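What follows is a single structure, written as structure tokens, with notes after it.
This one's a predicted model, so the numbers in the text were calculated from it and none came from an experiment.
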Amino acid sequence: MAMRNRKGRGTEDREREAVTTRLFEGVLRSARNHLVHADTPLAAEVWASGLLSVWQTEPASADDHDAGDAFGEALVRHARADGTAEAAATLWALAGVVPNRLATKARTAAASLERSGIATPPWAAEAGRSRPTEAWIGRDVYGDQEIIIVGFAYTGGSGEHTVCVLVDHTLAGMAKDAYLAGPLAATLARWRDAEAIGISLEPIPLAAAAARLEDAL
């Protein structure tokens, strides 16, 4: 019986390893098709964030680790061993969105591939390095909903984008929707068109926007 149990565990381990290998091969295929050809750090961040969101069970923190952390660490090891251009792109993209401890591992692995001759993506230096520039808030005439608009720019000049979060006060102030938009000026111009139907729009300090988003999320 003990021998059969050992054989059973061995089979399970091999099956688990095969599933894990197929999973990471799929991730790298996605990176080869999409990430390697990305031309902005934002595109790389969106790809990596979407990947990790499948595994993350709770908001990440510096001290807590969940399935997303375990997946990220395993992916770093696999990508480093794979040693391809898509593996390097995966590592740089991860480094832009994961907590510091894992980001350090991803950057170290990516740097080792770079030293071995694997090309570094043009967006690698700026992935994860955008900074908030301005924040605005839009409110409907009844005060039921707010749109929090935060503009971001990359320190190296790789472009601007906006994060928009819809907060619904009929749902106890929860975030109801969130999306990425273009540069802040263009986003504000579109929302100013809504002022004619009762939407008010005004700037707020970045710290106030951060507090509102923390509550809503």
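Here the shortest heavy-atom pairing between Arg139 and Glu202 reads NH1-OE2, 2.5 Å. A pairwise comparison of heavy atoms in Ala103 and Val98 identifies N-CG2, 3.4 Å as the closest pair. Closest non-hydrogen pair, Ala153 versus Glu160, comes out as CB-CG, 4.0 Å. Nearest heavy atom pair, residue Asp82 against residue Ala87, reads OD2-CB, 3.7 Å. Taking each heavy atom of Ile148 and Ala209 in turn, the nearest pair found is CG2-CB, 4.2 Å. Heavy atoms only, all atoms of each residue included: Val97 and Ala48 are closest at CG2-CB, 3.7 Å.
Between Leu28 and His78 there is a side-chain heavy-atom pair separated by less than 4.5 Å. Taking 4.5 Å as the limit, some side-chain heavy atom of Thr90 sits within range of a side-chain heavy atom of Leu35. Residues Thr133 and Phe152 fail the side-chain proximity criterion, which asks for heavy atoms closer than 4.5 Å. Counting heavy atoms from C-beta outward, Leu52 and Trp47 have side chains that stay 4.5 Å or more apart. The shortest side-chain heavy-atom distance between Trp123 and Thr40 does not fall under the 4.5 Å cut-off. Counting heavy atoms from C-beta outward, Asp144 and His169 have side chains that stay 4.5 Å or more apart. Side-chain contact between Leu166 and Gln145 is present, with at least one heavy-atom pair separated by less than 4.5 Å. Under the 4.5 Å side-chain criterion, counting only non-hydrogen atoms from C-beta, Ile118 is not in contact with Thr84.
Both Val54 and Leu94 are assigned to one and the same hydrophobic cluster, defined by single-linkage of ILVMFWY side chains at heavy-atom distances under 4.5 Å. Tracing side-chain contacts under 4.5 Å through hydrophobic residues (I, L, V, M, F, W, Y), one never reaches Ile147 starting from Met174; they form parts of separate clusters. The hydrophobic cluster containing Leu217 does not contain Leu171, counting ILVMFWY residues as joined when their side-chain heavy atoms lie under 4.5 angstrom apart, directly or transitively. Hydrophobic cluster membership differs between Val46 and Val36, with clusters built from Ile, Leu, Val, Met, Phe, Trp and Tyr side chains linked at under 4.5 angstrom.
Screening residues 207-217 for side-chain hydrogen bond (donor to acceptor under 3.5 Å, both in side chains) gives Glu146-Arg212 as the qualifying pairs, with residues at least two apart or on separate chains. For the salt bridge (charged side-chain N to carboxylate O under 4.0 Å, His left out) condition, the pairs that include at least one residue of residues 163-182, sequence neighbours left out, are Asp168-Lys176. The list of side-chain hydrogen bond (donor to acceptor under 3.5 Å, both in side chains) pairs with a residue in residues 102-115, not counting sequence neighbours, reads Arg80-Ser112, Glu114-Thr120.
The CG atom of Leu51 lies 7.5 Å from the OG atom of Ser30; values are rounded to the nearest 0.5 Å. Taken from OG in Ser158 to CZ in Arg129, the straight-line distance is 11.5 Å, to the nearest 0.5 Å. Taking NE2 of His161 as the start and CD of Glu45 as the end, the distance is 6.0 Å to the nearest 0.5 Å.
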**Study point:** Intermediate values then yes/no, salt bridge (charged side-chain N to carboxylate O under 4.0 Å, His left out), Arg101 and Glu73
**Key:** CA-CA 10 Å; Arg101 181 183 59 82; Glu73 291 187 1; 2.4 Å; yes
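Proximity of a side-chain donor or acceptor of Tyr154 to a complementary backbone N or O of Arg131 within less than 3.5 Å is not detected. Checking side-chain atoms of Asn33 against main-chain N and O of Arg29 turns up a donor-acceptor pair under 3.5 Å. Thr162 places no side-chain N or O within 3.5 Å of a backbone atom of Gly151 that could act as its donor or acceptor partner.
Results of the side-chain contact (heavy atoms from CB on, under 4.5 Å) test with Ile204 over Ile137, Val150, Ile149 single out Ile137 as the only residue that passes.
Residues Trp136 and Glu134 have side chains that bring a donor and an acceptor to within less than 3.5 angstrom of each other.
For Tyr142, the OH atom sits in a loose shell: 12 or fewer heavy atoms of surrounding residues, nucleotides or ligands are nearer than 6.0 Å.
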